[in-house]
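First comes the structure, then the notes that go with it.
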Amino acid sequence: FKPAISLPGIGPRNAKLVEHLTGGANVVDLLWHLPSALIDRSYPAMGFISSVMDISELKKIESELSESQRALETLMANLPGMAYRCLNDPNWTMLFISDGCLDLTGFSPEDLLENALFSYGELIHPEDQDMVWEGIQNAIAHKTLFQLEYRIRQANGDEIWVWEQGTGVFDLQGELQFLEGFIIDITERKQAQSDRQKSYDKVLARQAAVMNLAEDLQSEIDERIHAEQIVQQQNDYLLALQKTTLELLSELDLNSLLENIVRRAAQLMETSAGYLDLVDPNTGQLIPRVGTLSESMNHIVEPGEGVAGVVWQTGKPIIINEYDQWSDRIQEFSTKKIQSIIGVPIQSSHAVIGVLGLAHEAKSSKTFDENTEFYMSHFAQLASIAIKNAQLFSDAKSELEERKRLEKDRQKLVRELEAKNQELESFVYTVSHDLKSPLVSISGFSANLKKRYQDQLDEKGTHYIERLKA
């Protein structure tokens, strides 16, 4: 073999020589170890004792490590970001930084290594520092990878977004040695996300505006539909009221009228229970006249007592939708019979002449509302007119009957007077006939006396004769 290195004379103690041993097509790397020389103090060196070892595998490993290191450096040089190794301290003291540091931060690796000019922790946005620290500490505690997005300040003062992924490196005892990871610039992605978010927000805003507009339109449509329903209900009510008006005004019998008022009011308000009380003009009491509530028909209320008494006293409508719970209910009345009740005044010339009431039975869940009060109040006004009309008719009928009775009495008296006159005429005729003969004789005697003694009679005598003749 041919030595790669030759030593003239005595070489250093334990000198190591690398030799190439060529045999055919194979090249073998050898390590020639010269640990000592054979020396005779009286003579020059006589020889060497050495050992030779095959280090081909070791040289191969060294070559592969060198190639791997070169490939890693090439990869890091071409990646858009920086690889690092740092301590787990608030400054994130850098032990190693790849060349991508310059493009990422604007600082050279030498500026940040060992916090030479700045620490990496100083580059992190103040608002993100706590989040970064907590995120990494949590990953270390669980010995997992960490992935973070945060902002850093570049050397020129610009602010960029970065994405970092790393992990803790632990020794065999499980103690943290340092952190290793990779950081890349994601500003464009974040900007794109921001732009997308803004666009999305604009779309959402437009959708919200459209939805609000649709809701406003729907609300307006609903209001119009509701208004149309109310108008339709009012039209139906007015038609029913008109029919009821004709029916009630044509009814002149007061008792029949009162029954019809309660029946028609119950039909209009879709219930079957009702009552009507009238003030007696003679006693001033509110007397039950018509009703389907048997207890109320047998009870004369005082002012302020129960629904009818309150309406009579105040002259205002009242609605009680939880009748059994009403503190002013008539305690003598049975419970669990009425769910809700309404009472409205029947007025004439601003005076309450009666009370009209309707009720929903306890088995019903229906209640009365302001619309019911409105309709019932108008109905009560109509009922007042009909009642007054019937009362006037009743009074007129009574007066007519009285007049007929008086006329009958007058005619009877006339007949009696005519009979008396006839009797008187008959008497006069008889008397007249009986007195006629003497009078004729007296008249003739007077005429003869005047004729014979006219010249002898003075004025007084002539007057007496004329009176006899008459």
Side-chain angles (χ1 to χ4, degrees), residues 61-198 200-201:
I61 292 173
E62 288 179 353
S63 176
E64 290 175 352
L65 286 175
S66 177
E67 178 61 23
S68 176
Q69 183 68 24
R70 183 197 63 78
L72 180 60
E73 291 177 355
T74 301
L75 178 62
M76 289 185 177
N78 289 280
L79 284 176
M82 79 174 192
Y84 69 87
R85 175 183 292 168
C86 71
L87 297 178
N88 182 39
D89 61 23
N91 289 323
W92 308 115
T93 301
M94 292 295 172
L95 304 178
F96 165 78
I97 306 178
S98 68
D99 292 340
C101 175
L102 182 62
D103 290 336
L104 182 69
T105 67
F107 294 99
S108 67
E110 291 76 14
D111 294 335
L112 300 182
L113 282 173
E114 300 289 345
N115 305 326
L117 185 59
F118 292 101
S119 70
Y120 184 76
E122 294 180 272
L123 305 187
I124 299 175
H125 194 286
E127 295 180 1
D128 297 341
Q129 290 178 359
D130 290 342
M131 178 270 293
V132 171
W133 175 262
E134 292 173 2
I136 293 177
Q137 300 314 303
N138 183 63
I140 291 172
H142 294 83
K143 294 185 178 181
T144 59
L145 286 173
F146 56 83
Q147 292 184 348
L148 303 169
E149 292 183 2
Y150 55 90
R151 293 162 291 177
I152 66 170
R153 175 180 55 82
Q154 291 182 310
N156 60 5
D158 291 345
E159 183 181 289
I160 64 170
W161 279 89
V162 297
W163 175 83
E164 177 180 351
Q165 176 174 294
T167 186
V169 178
F170 300 86
D171 60 17
L172 295 178
Q173 287 73 38
E175 296 294 329
L176 178 68
Q177 299 300 302
F178 41 78
L179 304 175
E180 289 184 344
F182 190 73
I183 303 173
I184 61 173
D185 185 353
I186 60 168
T187 303
E188 291 184 0
R189 178 167 67 82
K190 294 292 286 188
Q191 185 61 46
Q193 288 179 348
S194 176
D195 293 342
R196 285 196 301 271
Q197 186 62 44
K198 289 179 180 179
Y200 181 67
D201 291 341

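On a predicted model such as this, the values are computed, not experimentally measured, just so you know.
- Of the possible donor and acceptor atoms, none in the side chain of Gln137 sits under 3.5 Å from a partner among the backbone N and O of Glu134.
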Side chain to side chain contact (heavy atoms under 4.5 Å, CB included) between Glu159 and Arg153, intermediate numbers included: CA-CA 5 Å; Glu159 183 181 289; Arg153 175 180 55 82; 5.9 Å; no
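- In this structure, Ser98 and Pro109 approach most closely via the heavy-atom pair O-CG, 3.6 Å.
- Inter-residue side-chain proximity for Thr167 and Thr144 is flagged as unmet; no heavy-atom pair is nearer than 4.5 Å.
- The distance from the CD atom of Glu164 to the CG atom of Leu148 is 6.0 Å, given to the nearest 0.5 Å.
- Of the inter-residue distances, the one linking Gln154 atom CD with Ile160 atom CD1 reads 4.0 Å to the nearest 0.5 angstrom.
- At a threshold of 4.5 Å between non-hydrogen side-chain atoms, the residues Leu112 and Tyr84 do not count as touching.
- Formation of a donor-acceptor pair under 3.5 Å by the Gln129 side chain with backbone atoms of Ile124 is found in this model.
- Within the 4.5 Å cutoff, no side-chain heavy atoms of Gln191 are placed close to those of Arg196.
- A distance of 12.5 Å separates CD in Glu122 from OH in Tyr120, rounded to the nearest 0.5 Å.
- For Tyr150, the ring pair (Phe, Tyr, Trp, His ring centres under 6.0 Å) criterion is met by no residue, not counting sequence neighbours.
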Steps toward side chain to side chain contact (heavy atoms under 4.5 Å, CB included) verdict (Met94, Met82): CA-CA 12 Å; Met94 292 295 172; Met82 79 174 192; 4.3 Å; yes
All N/O donor-acceptor pairs, side-chain side in residues 182-190, below 3.5 Å, sequence neighbours left out:
unit_1	atom_1	unit_2	atom_2	d
Asp185	OD1	Thr187	N	2.8
Asp185	OD1	Thr187	OG1	2.6
Thr187	OG1	Trp161	N	2.9
Thr187	OG1	Trp161	O	3.4
Arg189	NH2	Glu149	OE2	3.0
Lys190	NZ	Glu149	OE1	3.3

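- Checking side-chain atoms of Thr105 against main-chain N and O of Cys101 turns up a donor-acceptor pair under 3.5 Å.
- Within the 3.5 Å criterion, the main-chain N or O of Glu127 finds a donor-acceptor partner in the side chain of His125.
- Proximity of the aromatic rings of Phe107 and Phe118 is defined here by a centroid distance below 6.0 angstrom, and this criterion is met.
- Judged by distance alone, the side chain of Gln177 and the main-chain N or O of Glu175 form a donor-acceptor pair under 3.5 Å.
- Proximity of a side-chain donor or acceptor of Asp111 to a complementary backbone N or O of Ser108 within less than 3.5 Å is detected.
- When the side chain to side chain contact (heavy atoms under 4.5 Å, CB included) test is applied to Leu176, the partners found at least two apart in sequence or on another chain are Asn88, Ile140, Phe170, Leu179.
- A salt bridge links Glu180 with Arg85: at least one charged nitrogen is closer than 4.0 Å to a carboxylate oxygen.
- The structure places CD1 of Ile97 at 11.0 Å from CG of Leu102, a figure rounded to the nearest 0.5 Å.
- Remark: Cys86 SG to Asn115 CG distance equals 10.0 Å, nearest 0.5 Å.
- Asn91 places no side-chain N or O within donor-acceptor distance of the main-chain N or O of Thr93, the cut-off being under 3.5 Å.
- Rounding to the nearest 0.5 angstrom, the gap separating the CH2 atom in Trp133 from the CE atom in Met131 is 14.5 Å.
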